[in-house]
Amino acid sequence: MNKIARLLFLILLHLATYSAFGQGDTISISKIDSCKISKSGQFYFASNFQQLVNFHNDNNFNLDITTRASLARNKSTRSYRSKQETNIELSFTKYIDSIIDVRDDEIELKGNWEFQFINVVNSININIKTQMTNSYEYTFLKDEFIKVLSKQPLLPIIFNIGTGFNFAFRKGNLVNFSPVDLKTTFLSDKISSFYPQHKNISSNFSYMTEIGSSITVSINKSWAKDLFNWRNSSRIFIKGLTKEDATLYTKNRIMYELFKSINISFENQMVYDPLYNYKLQVKNEIVLGVCFKK
């Protein structure tokens, strides 16, 4: 079952990447029977100077090497609009003692479909999130802190599907409100201890289901012929009124093109996930790198 889940996820990732690859941030639009399709893609290789506050239990300054790839596709017709995104990020921190640590590791697939039904505009919002490498957390067990495996390649996979409505902007920018959001987490037996409410599918594979409400934000705005770019990716999931019933993830990136492909950006990321930390985690970054667009 574990291998089947990984294979299905790789197929989904391949389809999302194939549909969006090869087009640029300078959006090209084709019209077929009143249908507008726009695609954009970006690859970014950079060095980051970071300030961390409670981020993965760190409070310090780091210098990281990061690679990022983002692909997006927007489609609109007379009857519906849709947006699909693929975001991949992997960064490493090298310490003085030559130890190299994975800092950020993320694969995220997002899809939003807006359609009209009985004179009411509705939306379906899908979010799939996982990672590529192992990740470890420190937990208090038997009167001492121990380092335990918390994430594996492609596990856990967090799958959200919600229904609600959009507040849409031009060029596919939107804020989605989903009063009903079904969140399902698939995981292996090696990391199930972090999810006490999990249910077993087999001896080495399990899942956990939660029902709540969510707000998802996806904004990509540019000015001065793409000289300045602002990107916002945010998500809030709430299933109750306690501090254990909410998760928050938000990232803002303001990028300025210095010369051709050389870019500098200022970034802020905030995370609240009670599964790992009851404190708000904050990361501020100054990033200098090379950005490839097509």
Atom [atom1] in [X], atom [atom2] in [Y]: separation rounded to 0.5 Å?
X	Y	atom1	atom2	value
Leu90	Glu106	CG	CD	11.0 Å
Phe55	Lys283	CZ	NZ	4.0 Å
Ile107	Asn87	CD1	CG	11.0 Å
Phe292	Gln42	CZ	CD	11.0 Å
Cys291	Arg68	SG	CZ	10.0 Å
Leu288	Ile264	CG	CD1	6.0 Å

Are side-chain heavy atoms of [X] and [Y] found at a separation under 4.5 Å?
X	Y	answer
Asn166	Arg81	no
Ile65	Ser47	yes
Asn173	Asn220	yes
Glu114	Tyr80	no
Ile161	Asn125	no
Asn134	Pro153	yes
Ile126	Phe159	yes

Pairs in or reaching into residues 40-62: which pass salt bridge (Lys or Arg N to Asp or Glu O under 4.0 Å), with residues at least two apart or in two chains?
-> Asp58-Arg103
Are Thr250 and Val217 close enough, and set up right, to give a side chain to side chain contact (heavy atoms under 4.5 Å, CB included), and what steps lead you there?
-> CA-CA 9 Å; Thr250 179; Val217 180; over 6 Å; no
Look only at the side chain of [X] and the backbone of [Y], and say whether a donor-acceptor pair between them is shorter than 3.5 Å.
X	Y	value
Ser178	Ser214	no
Gln131	Leu155	yes
Asn54	Leu52	no
Thr163	Ile124	no
Gln51	Asn60	no
Asn268	Asn252	no

Identify the heavy atoms of [X] and [Y] that sit nearest to each other, and give their distance.
X	Y	value
Leu174	Lys83	CD2-CD, 4.3 Å
Gly164	Pro179	CA-CD, 3.7 Å
Ser192	Leu187	CA-CD1, 3.2 Å
Lys151	Pro156	CG-CD, 3.8 Å
Leu71	Gly41	CD2-CA, 3.9 Å

Spell out, yes or no, whether [X] and [Y] are grouped together once hydrophobic residues are joined by side-chain heavy atoms under 4.5 Å, including indirect joins.
X	Y	result
Ile157	Tyr207	yes
Val180	Met208	no
Tyr249	Val282	no
Ile238	Ile158	no
Phe167	Ile215	yes

Evaluate salt bridge (Lys or Arg N to Asp or Glu O under 4.0 Å) for Glu108 paired with Arg235, printing each intermediate quantity in order.
-> CA-CA 12 Å; Glu108 185 176 28; Arg235 180 172 179 80; over 6 Å; no
Does the side chain of Lys110 come under 3.5 Å of the side chain of Ser233 through a donor N or O and an acceptor N or O?
-> yes
Could you please spell out the steps behind the side-chain hydrogen bond (donor to acceptor under 3.5 Å, both in side chains) verdict for Ser76 and Asn74?
-> CA-CA 7 Å; Ser76 62; Asn74 297 285; over 6 Å; no
Applying side chain to side chain contact (heavy atoms under 4.5 Å, CB included), run through Met132 and Ile88 and close with a yes or a no.
-> CA-CA 9 Å; Met132 292 172 281; Ile88 301 172; 3.8 Å; yes
Mind running side chain to side chain contact (heavy atoms under 4.5 Å, CB included) on Asn204 and Ser188 for me, showing each step along the way?
-> CA-CA 6 Å; Asn204 54 9; Ser188 72; 5.9 Å; no
Test log, rule side-chain hydrogen bond (donor to acceptor under 3.5 Å, both in side chains), inputs Thr242 and Glu244 | CA-CA 5 Å; Thr242 69; Glu244 296 182 350; 5.1 Å; no
Applying the side chain to side chain donor-acceptor pair (under 3.5 Å) test to Asn48, which of Thr93, Asp104, Asp64, Thr66 qualifies?
-> Thr66
Check the pair Val290, Ile262 against side chain to side chain contact (heavy atoms under 4.5 Å, CB included), reporting the backbone distance first and the verdict last.
-> CA-CA 5 Å; Val290 181; Ile262 307 298; 3.9 Å; yes
Residue set satisfying ring pair (Phe, Tyr, Trp, His ring centres under 6.0 Å) with Phe165, at least two apart, ordered chain then number -> Phe177
Within residues 226-247 or reaching into it, pairs that qualify as ring-ring contact (aromatic ring centres under 6.0 Å, His included) - sequence neighbours excluded = Phe228-Tyr256
Check which hydrophobic residues are tied to Tyr44 through side-chain heavy-atom contacts below 4.5 Å, counting indirect links as well, and list them.
-> Met255, Val287
Going by side-chain heavy atoms closer than 4.5 Å, which hydrophobic residues are tied to Leu241, directly or by a chain of links?
-> none
Scan the side chains in residues 269-276 for donor-acceptor partners under 3.5 Å anywhere in the protein, sequence neighbours excluded, and list what turns up.
unit_1: Tyr272; atom_1: OH; unit_2: Lys243; atom_2: O; d: 2.6
unit_1: Asp273; atom_1: OD1; unit_2: Leu275; atom_2: N; d: 3.1

So with a 6.0 Å cut-off around CG of Leu258, is the heavy-atom count from everything else above 12?
-> yes
Specify whether Phe186 and Phe205 have parallel, tilted or perpendicular ring planes, treating 30° as the upper limit for parallel and 60° as the lower limit for perpendicular.
-> parallel
